[in-house]
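A short write-up of the structure that comes next.
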Amino acid sequence: MITFGPAELAATAPEITLATAGALIVLLEAFAPRTRRAFATLSLAAIALSLYFVSRAPIGATFGGRLETSSLTSVASLFLAATAAVAVLVAKRYLERAGEERGEFYALLLWGHLGVSLMVRGIDLLVIFIGLETLSLSFYVLAAIFRGVHASSEAGLKYFLTGAFGSAFTVYGIALLFGRSGSLRISALSQVGFGGDPVIVFALLLLLAGFGFKMSLAPFHAWAPDVYQGMPTPAVAYLSVAPKGASLIVLYRVLTAVYQGALPSRLQTGIAALAILSMTLGNVVALAQRDIKRLLAYSGIAHMGYITITLAVFGRGAFTAALVYLFAYLVSNAGAFACVSVLYRDETRPHPVGLLAGEGRRAPFAAGVLTLCFFSLAGIPATAGFIGKFFVFGAAIDRGLYGLAVIGILNSLVSIGYYLRVVYVLYMREPVEAEGPPPLGVSDGLALALCAAGILLLGVFPSGLWRLARSAAESLPFFGP
Amino acid sequence: MIGKIPLADVLVVSAALFAIGLAGALLRRTAIVIFLSIELMMNAANLALLGYGAALGTVDGQIAVFFVIAIAAAEASVGLAIFVALFRHTETIDVNKINLLKW
Amino acid sequence: MERIVFDAAATIALVFAALMVLSRNPVKSVLALVVSFFFLAVIYVLLFAPFIAAIQVIVYAGAILVLFLFVLMLLNIRHEGSGKDPRPIQRIVGGGAILVFTIVLVALLSKHGTPPGLPPASEAAAPHIGDVARAVYSDFLLPFEALSVLLLAALVGAFVLVSKEHRP
Amino acid sequence: MSVLPLWLIPALPLAGFLACGLFGTRLGKRFVSVVGVGSVGLATVAAFSRLVPYLGGDHAPVVERVSSWITAGDFRAEIAFRLDPLSALMLSFVTFVGFLIHVYSTGYMHHDETDAGYARFFSYLNLFMFSMLTLVLAQNFLLMFVGWEGVGLCSYLLIGYYYEQPFAPAAGKKAFVVNRIGDWGFLLGMFGLATQFGTLDYDGVFQAAAKDPARFAPALTLIALCLFLGAVGKSAQVPLYVWLPDAMAGPTPVSALIHAATMVTAGVYMVARCNVLFRLSPDAMLVVAIIGTITAVLAALIALAQNDIKKVLAYSTVSQLGYMFLACGVGAFVAGMFHVMTHAFFKACLFLGAGSVMHAMSGELDMRRMGGLKGKLPTTYRTFLVAALAICGIPPLAGFFSKDAILAGAFEAGQPVLWAVGLFTAGLTAFYMFRMVARVFAGSFRGTPEQEHHVHESPPSMTVPLVVLAALSAVGGFVGLPAVVGEHGNRIEAFLSPIFLPLAAHEPAGHALPHATEWLLLAASVAVAAGGIGLAWKWYAKEDGRVPDRIAAAFPALYALVADKFRVDELYGALVVKPFAWIARICWKVIDVLVIDGVLNAGAFLVELAGDLLRFLQTGNVRNYALTFLLGVVALMLIVMGGF
Amino acid sequence: MDLLRSHLLSAVVFLPAVGAVLLALFPASAAKAARNLALAIATLDFLVSIPLWTRFVPAAGFQFGENVPWIPNFGISYAVGLDGLSLVLVMLTTLLTPVALLFSLSHVSKGVRGFSIAFLLLETGMLGSLVALDLALFYVFWEVMLVPMYFIIGIWGGTRRIYAAMKFFLFTMAGSLLMFLAILYLAVRHHAVTGMWSFALEDLATLDFASGVQTVLFLAFALAFAIKVPVFPLHTWLPDAHTEAPTAGSIILAGVLLKLGVYGYLRFGLTLFPEAALRFAPWVGLLGVIGVVYGALVAFPQKDMKRLVAYSSVSHLGLVVVGVAAFTTVSLSGSILQMINHGLSTGALFLLVGVLYERRHTREIEAYGGLAGIVPVTTALFLVATLSSIGLPGLNGFVGEFLILLGTWTSAHRWWAVLAATGVILSAVYMLTLVQRVFWNPVTHEENRSLPEIRPSELLAAAVLVACMIWIGVRPNDLLSRLSPTVEAIRSAVLEKTSAENRGRAEAAP
């Protein structure tokens with residue numbers, strides 16, 4: 001009999017904090033709209049508090065093996081909280097400028113964050129699915145939250161339809177896994193013979209598709225560019241990072257439960273194919289993009305390709321590399337979206353790259369950080385992105401997957417083409433807009449500074465992060481190194 | 001066997017429902033009907049869950065279905081709200097005509 | 001008897017599901033789906049899940065689908081746009097992919113779907129509604145609580161999207 | 001009293017160069033004259049302060065090391081200078097003639113140049129002296145190469161001295177580039193030497209080669225030919241002689257100093273210096289002799305038809321250089337070096353005389369517009385005449401002895417054909433020289449009245465060197481009297497003999513010609529020279545060129561060919577220069593732009609194009625998105641499930 | 001004091017970066033102060049680097065070494081050290097950077113602060129790659145260099161600067177990315193063999209590979225370096241980058257950046273893959289020879305001064321490559337020396353072309369002519385630089401050229417020397433043509449008559465280079481003596497590790 005005791009309270013305190021803060025914000029919005037200015041601070045506080053509770057939560061499984069607290073979940077929570085913090089920080093001024101400052105935005109963001117948090121902490125397929133859906137529902141709404149803007153509504157519709165479609169696959173996969181293992185707990189998948197069971201493998205594929213969808217992994221990526229384009233930028237900053245990481249962790253959880261040692265070669269081939277397709281398609285199509293948010297969407301698709309290399313490689317080292325990569329991706333990609341959010345004056349119109357012309361001089365800080373983010377995404381050394389690639393390709397080479405590494409590296413060459421094009425527009429073209437970007441708020445500045453510092457610190461001193469990731473990777477039952 | 005019904009039959013029906021839903025999702029153009037088809041796919045999963053639950057003699061299947069139905073309801077409310085919001089801009093929910101964001 | 005009911009209910013559910021997909025009129029689609037869901041509920045009963053069957057009828061067929069109908073009426077969507085699909089490729093490729101997918105899925109589930117060595121299940125051994133209730137509040141406490149947040153998010157979200165006036 | 005170090009001799013002009021080059025413009029002409037001429041004067045004094053005791057001594061080579069220079073791996077090169085009979089000979093006339101020409105230049109350049117130009121001129125000349133002295137005094141090939149290229153550089157700079165003229169810069173560049181072709185050979189030769197002998201030190205190389213000829217001989221033909229290619233470039237031999245006539249675009253003192261007296265003979269000096277190597281390779285010797293002979297006759301033929309006073313002298317120089325190589329090629333190195341020396345005197349005198357004429361004629365170069373200057377430029381005329389007689393080989397002037405030594409050497413070496421051609425060339429030489437003398441000084445004035453009005457004798461700074469050089473042209477030959485005249489008359493041969501010691505195994509001891517034969521040869525060459533002079537004088541001084549005109553009219557094509565210098569420049573243009581430019585353009589426009597960049601840009605373009613096309617997969621239609629999703633699942637399924 | 005001594009190398013490397021940070025904190029408006037500060041820092045860096053030169057002991061092995069763990073889990077450390085090879089290149093870098101900055105003092109007007117920051121970061125990048133003894137560290141510096149250079153070309157460059165900057169970046173990146181994978185492979189191998197992670201050069205050099213693997217790895221490294229050098233046919237980024245870069249950028253690009261390719265090949269390519277390096281030496285040498293001739297040929301018809309000088313770099317670097325491929329003591333010494341020489345002479349040429357460009361704002365050769373009488377000092381300096389470039393004895397270029405050719409001649413590939421020596425002729429052709437068309441000939445453009453003479457700051461910058469040219473030409477042993485133990489060490493290390501067959505090839509000549 002499972003009751004809600006002190007252990008359960010301690011374990012769920014992070015989520016309870018988030019849920020309560022969201023509800024509080026909605027209530028304040030309804031009954032004390034004057035407090036709006038404090039919503040961002042409140043949200044930040046909730047995120048921080050939740051992170052604090054994560055650190056205090058006792059290690060181990062609770063709720064009858066449905067929720068886990070481990071070094072992995074702690075590291076993942078740190079990752080998620082950092083993303084959420086960046087999103088909240090840039091959201092404040094963004095919403096003010098757009099005239100859409102409303103509590104629901106923060107509430108939905110916090111609830112979505114809660115959902116992602118459940119995804120990484122859940123060790124039960126149902127919990128994970130509910131987390132996934134909480135995230136999805138919140139972000140369907142966030143995508144469409146600018147009701148007066150056609151693009152926003154359309155993004156909402158597209159995200160909703162494709163998301164529901166993906167969820168159907170996920171839930172079908174869950175049903176099959178449940179049917180074969182007799183339990184919704186992931187641990188039940190570690191049964192002898194499951195690795196070769198066709199239904200299990202099929203169900204894993206469905207999950208791969210469903211969570212690959214959340215990761216915007218090609219060919220399950222198609223929603224991402226459209227949704228990113230129409231969605232409010234701060235929400236994209238979160239959506240383009242946190243759920244991707246969480247989905248990857250879920251995939252690792254499920255796959256390690258079934259295959260502790262190594263993936264069967266056909267599955268490896270399939271995942272490698274996804275990685276290659278995602279890298280190549282993402283990078284090549286990004287070259288043709290003119291809207292910076294779409295460009296970043298394709299860049300994100302490509303990055304999910306790189307990170308999926310680690311999934312194909314599989315193993316503790318690979319998972320460590322993946323976690324390091326996630327953090328690198330967090331600071332660079334969330335940072336890039338934060339910069340985009342700061343650099344465009346009109347939030348509701350498209351964001352063509354050309355409008356950034358000459359901002360290198362008019363908004364040196366934001367443009368500088370954006371450049372740094374792009375160099376990091378491109379994997380130039382002394383940035384976090386390089387460290388990420390270093391570990392990912394290192395892991396691939398360590399397991400002898402040279403082909404993947406070479407394709408990956410060629411892809412990052414292609415990617416430099418479009419990253420540099422944006423840098424070129426920033427610094428080497430004359431401004432096209434009469435007015436410069438809006439003045440930088442304190443919160444914006446803080447967000448950008450944090451991302452820039454993260455990029456450089458992780459880029460120059462990655463040891464700490466690596467140790468953290470390594471300890472997190474120990475949580476999963478990998479065999480071997 | 002579940003009573004006198006073979007589990008395999010239940011699963012086949014579930015698979016068929018999933019396939020029909022898939023067909024609807026891919027081939028229909030009205031957003032609402034697409035969503036209906038997706039609901040059908042969810043129901044296919046529900047059927048599989050219940051079938052397995054019954055065959056295994058566990059309550060987990062039913063509970064999972066219970067949650068899925070709740071989620072479906074929530075999805076429906078949000079989805080329909082989005083349809084309505086978009087309809088204000090486009091006067092249609094034919095997805096062939098909803099392509100402002102592309103390329 | 002059970003067998004016949006199952007076959008009949010399954011057939012009807014599948015036929016109406018197909019009708020739902022094939023009908024050009026969204027309203028008819030919804031109605032077809034109502035029928036399909038109803039017969040699914042029948043199957044649920046056969047699978048020892050009367051509680052779920054009830055929910056299926058009351059919540060799904062009764063509430064959710066009515067909501068659909070309501071929105072269809074509200075938006076006055078009568079007919080899917082006539083005229084040919086501008087991109088037939090979607091049908092051709094989509095049809096092929098569905099076919100392959102279905103064949104594999106059906107073959108897989110009919111052949112390997114059943115876990116080996118499973119004893120036959122009887123209604124007597126099946127969990128009762130009480131078991132379901134207990135499980136929801138104990139074993140599945142966490143998902144249940146999480147669901148509440150989900151529903152809250154959906155509620156607030158739906159409200160945000162359609163609430164008429166935009167407060168300053 | 002300790003002697004002055006050898007390095008001081010080149011260092012003095014170097015200091016002069018730096019002083020004139022860095023401060024000359026600001027400090028004015030007087031400063032430049034003093035420093036420019038003074039530094040060379042001091043160098044001359046320093047040189048003779050070493051030469052005089054040396055001539056009186058035992059003629060043993062003196063080597064003075066200054067410092068190490070390049071050390072890499074096994075390779076070592078030093079900065080070291082050498083005084084031995086050969087370098088002493090060169091040193092004496094290089095410093096002396098060089099000094100005279102510097103003096104001459106103060107007069108020649110004084111009027112028509114700005115302070116900057118004057119300073120530039122003297123700094124270049126000083127740099128030239130430095131380089132030439134380094135070349136002469138070097139103790140190893142590498143240091144010689146420093147001087148070798150240095151004189152080339154100065155030649156380039158001085159030919160292009162009138163840089164604003166359209167022609168001079170091109171001529172300078174041509175000189176440098178053609179020289180560089182030779183230098184390429186020189187470099188390869190040095191590599192060969194360094195590989196064979198492990199050093200580039202003269203002593204190391206020559207002693208080893210002389211000691212063990214059998215070991216080195218096989219490689220030496222190629223090495224010798226490579227080195228000779230260097231000499232061919234520097235000394236304007238066929239086929240690389242084409243730069244020298246063009247080099248006349250420089251100021252006349254430059255032509256006298258660099259392109260007649262000193263630099264162009266560096267090739268001869270180098271071959272003589274390497275005589276051990278050449279003598280070990282009869283094939284190489286033969287090539288040297290043949291090239292020399294061809295050059296001699298070819299240049300003489302071209303000189304016949306030139307009307308530009310400096311061009312005639314230039315081709316004459318080429319021709320005389322051919323003689324010198326002929327001498328070397330037949331083993332008569334002493335004769336060759338002897339001719340180098342006498343040639344320096346008379347050719348410098350001729351050039352300076354020509355300069356004096358030009359000076360008087362306001363820069364006029366065309367002989368057809370001169371004439372009758374005998375009276376107006378008496379000193380110039382007399383010195384010019386002496387030098388001309390000397391070059392023709394009229395006894396007892398200097399050229400007689402040296403040229404005779406060469407012809408005798410050729411005959412002696414058993415090369416009657418070469419001798420005959422040489423003799424023929426002597427006749428041609430006499431003819432074109434006196435054609436020139438007649439056209440310039442005899443007859444009546446053919447230029448414009450203004451020119452006639454302007455004509456005047458040059459200042460003493462110019463005439464004094466002329467007189468000195470003429471005197472040397474007259475008596476310079478007495479250091480090398482042929483054996484028939486006096487048993488010990490050939491002092492130069494005795495002096496140089498340590499350089500050209502016979503190689504034990506390879507060379508039979510030289511068998512002297514019978515006296516009768518030698519007399520005969522002498523008579524023949526004098527007769528031919530006298531005939532040439534007479535004919536030229538008759539045709540041009542007495543008959544004012546009617547006969548040659550008629551001959552030219554009778555064979556217009558032939559005449560045009562000769563007058564156009566056998567169209568060698570055009571031939572090179574068509575064979576080398578144009579194809580070079582063409583290939584260069586192909587490389588640039590086709591290989592670089594079209595092929596390499598084309599491939600790269602095409603690659604980039606294809607990727608971009610792929611992006612541009614693939615972006616349309618993103619149709620904006622959610623149904624398509626769902627389809628791609630399903631296709632992904634199906635594909636995954638097919639890849640992964642195939643095994644189950 | 002002791003601390004400074006033991007960290008002298010790091011001080012030299014990171015002083016510019018510290019300066020860049022200082023500059024970044026400067027107000028953007030204080031352009032002049034920023035400029036002077038940058039120059040002061042670069043000059044200070046040069047002064048700080050002088051003790052490296054004076055205290056360097058001509059012996060094999062690395063000096064001024066420092067080794068601090070950086071990413072200990074993967075055996076990556078901040079390991080730096082200096083041997084003769086890196087010493088001369090470090091000195092060249094610390095010398096050329098202030099010279100280039102001194103030149104740009106009066107010519108960069110927009111974004112001075114950014115320009116200075118980029119330049120100083122670039123210097124740190126270059127110095128870092130020259131002293132890094134850990135492959136990961138090396139790679140970081142190696143790539144970091146690209147970024148400031150991209151901005152320098154892209155922001156302060158000429159009309160086609162964007163294309164050039166992009167091409168430069170992508171081209172160089174293309175090569176180095178594969179090297180990156182190869183580095184990872186080496187570390188993985190080291191881990192697999194010894195159980196220890198390490199990226200240290202000395203550790204990785206102990207690995208043995210199957211010949212096929214070694215070939216692939218070698219090619220990955222060689223490609224990166226070949227592009228940087230650049231070796232024909234990978235050179236086409238260079239004319240664009242050199243031509244479009246601002247003068248100071250061209251100086252550094254030609255002066256230092258290209259050398260890093262050869263440096264990398266010597267330091268890493270040869271040390272790590274001696275067998276493959278020797279096996280491929282004939283091909284490398286062949287490409288070098290082609291580069292010599294081809295670069296010279298293409299330089300000849302150029303209409304743009306900087307483009308001409310850029311192609312001359314292709315030719316000169318080709319010669320350096322020949323020397324490296326010939327792999328004799330003499331040719332290696334010559335190659336290293338020639339890198340310095342090329343840095344000085346081509347740096348000076350770009351500087352002086354810059355002097356003209358800043359006055360007339362065109363690089364078209366056609367637009368000039370007859371400048372000798374108008375700007376005699378510039379002419380004289382240009383002439384000296386030209387002569388150095390075409391290898392006139394007495395100046396620096398000759399020594400390197402001679403040693404390379406001599407060393408090559410004594411190697412097994414005598415014909416390379418024969419062909420490469422034609423560069424002597426060809427370089428005279430194109431450089432003297434340039435001199436003739438710009439400085440001699442009649443003045444054809446009246447506006448040139450009022451061309452101002454070189455300014456004192458520019459004169460100082462050029463004079464420093466000219467002084468170095470003469471110094472090296474007369475006393476090359478000052479460098480060669482510091483180089484020779486390193487050259488011997490590289491050579492013996494390679495020969496020790498290679499099979500007798502290959503050794504035979506390398507030592508074929510007596």
Side-chain angles (χ1 to χ4, degrees), chain A residues 317 320 324 360-361 364-365 368 371-372 374-375 378-383 386-387 389-400 402 404-421 423-429 459-467 469-470 481, chain E residues 17 24 28 69-74 76 110-111 113-114 121 124-125 128 136-147 150-151 153-157 161-163 165-166 169-189 191-192 197 199 213 216 220:
Chain A
T320 313
V324 172
R361 251 162 292 146
F365 181 63
T371 305
L372 188 62
F374 273 17
F375 279 124
I380 304 293
T383 63
F386 170 71
I387 296 299
K389 288 213 170 70
F390 180 89
F391 285 115
V392 165
F393 292 132
I397 287 176
D398 200 17
R399 288 292 180 99
Y402 307 122
L404 268 183
V406 169
I407 293 173
I409 216 81
L410 292 179
N411 260 295
S412 57
L413 181 65
V414 173
S415 75
I416 289 169
Y418 57 86
Y419 292 130
L420 280 193
R421 190 173 298 155
V423 176
Y424 143 67
V425 171
L426 278 171
Y427 287 96
M428 301 163 202
R429 282 232 304 247
V460 179
F461 302 109
S463 277
L465 175 64
W466 186 85
R467 276 195 294 272
R470 184 75 189 175
Chain E
W70 179 27
I71 309 177
N73 321 88
F74 283 88
I76 298 175
K110 64 168 182 177
R113 190 175 60 130
L121 286 179
T124 288
L137 184 69
F138 167 73
Y139 186 78
V140 168
F141 281 121
W142 172 267
E143 292 283 273
V144 158
M145 272 185 305
L146 298 186
V147 176
Y150 170 75
F151 283 108
I153 298 174
I155 298 181
W156 293 276
R161 60 183 189 272
I162 306 305
Y163 173 73
M166 201 68 141
F169 202 100
L170 286 180
F171 232 115
T172 15
M173 200 74 183
S176 39
L177 283 175
L178 288 176
M179 177 173 76
F180 171 54
L181 288 188
I183 291 175
L184 286 177
Y185 179 86
L186 288 175
V188 163
R189 265 302 297 255
H191 182 239
W197 284 104
F199 281 80
V213 176
V216 172

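Residue numbers start from 1 in every chain, and the chains themselves are labelled A, B, ... in the order their sequence lines are given, proteins ahead of strands. Given the structure is predicted, the values throughout are model-derived calculations rather than measurements.
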Using 30° and 60° as the class boundaries, would you call the ring planes of A:F386 and E:F180 parallel, tilted or perpendicular?
tilted
Mind listing the closest non-hydrogen atom pair of [X] and [Y] along with its distance?
X      : Y      : answer
E:M166 : A:R421 : CE-N, 3.9 Å
A:S412 : E:L177 : OG-CD1, 3.8 Å
E:E143 : A:I380 : O-CG2, 4.4 Å

Got a sec, which residues hit side-chain contact (heavy atoms from CB on, under 4.5 Å) with E:Y163, two or more places apart in sequence or on another chain?
D:D597, D:N601, E:R160, E:K167, E:D240
Among A:L410, A:T383, A:D398, which residue forms the greatest number of heavy-atom pairs with chain E at distances under 4.5 Å?
A:D398
If you count heavy-atom pairs within less than 4.5 Å of chain E, which of A:G379, A:G368, A:G360, A:G394 leads?
A:G394
Under a 4.5 Å heavy-atom cutoff, which of E:F151, E:Y139, E:F141 has the most pairs with chain A?
E:F151
What's the separation between atom [atom1] in [X] and atom [atom2] in [Y], rounded to the nearest 0.5 Å?
X      : Y      : atom1 : atom2 : result
E:F74  : A:W466 : CZ    : CH2   : 5.0 Å
E:I155 : A:M428 : CD1   : CE    : 4.5 Å
A:L420 : E:F169 : CG    : CZ    : 5.0 Å

Side-chain heavy-atom pair A:I397, E:L181 within 4.5 angstrom cut-off:
yes
Measuring heavy-atom distances to chain A, does [X] have an atom under 4.5 Å in its side chain, in its backbone, in both, or in neither?
X      : result
E:I71  : both
E:R189 : neither
E:I76  : side chain
E:P72  : both

Under 6.0 Å from the OH atom of A:Y402, do we count more than 12 heavy atoms belonging to anything else shown?
yes
Proximity breakdown for A:R467 and chain E, heavy-atom pairs closer than 4.5 Å:
side chain
Does any backbone or side-chain atom of A:V406 lie under 4.5 Å from a heavy atom of chain E? Answer side chain, backbone, both or neither.
both
For A:V460, does its backbone N or O pair with a side-chain atom of E:W70 as donor and acceptor, under 3.5 Å?
yes
Ring centroids only, cut at 6.0 angstrom: are A:Y424 and E:Y150 within range, meaning strictly under it?
no
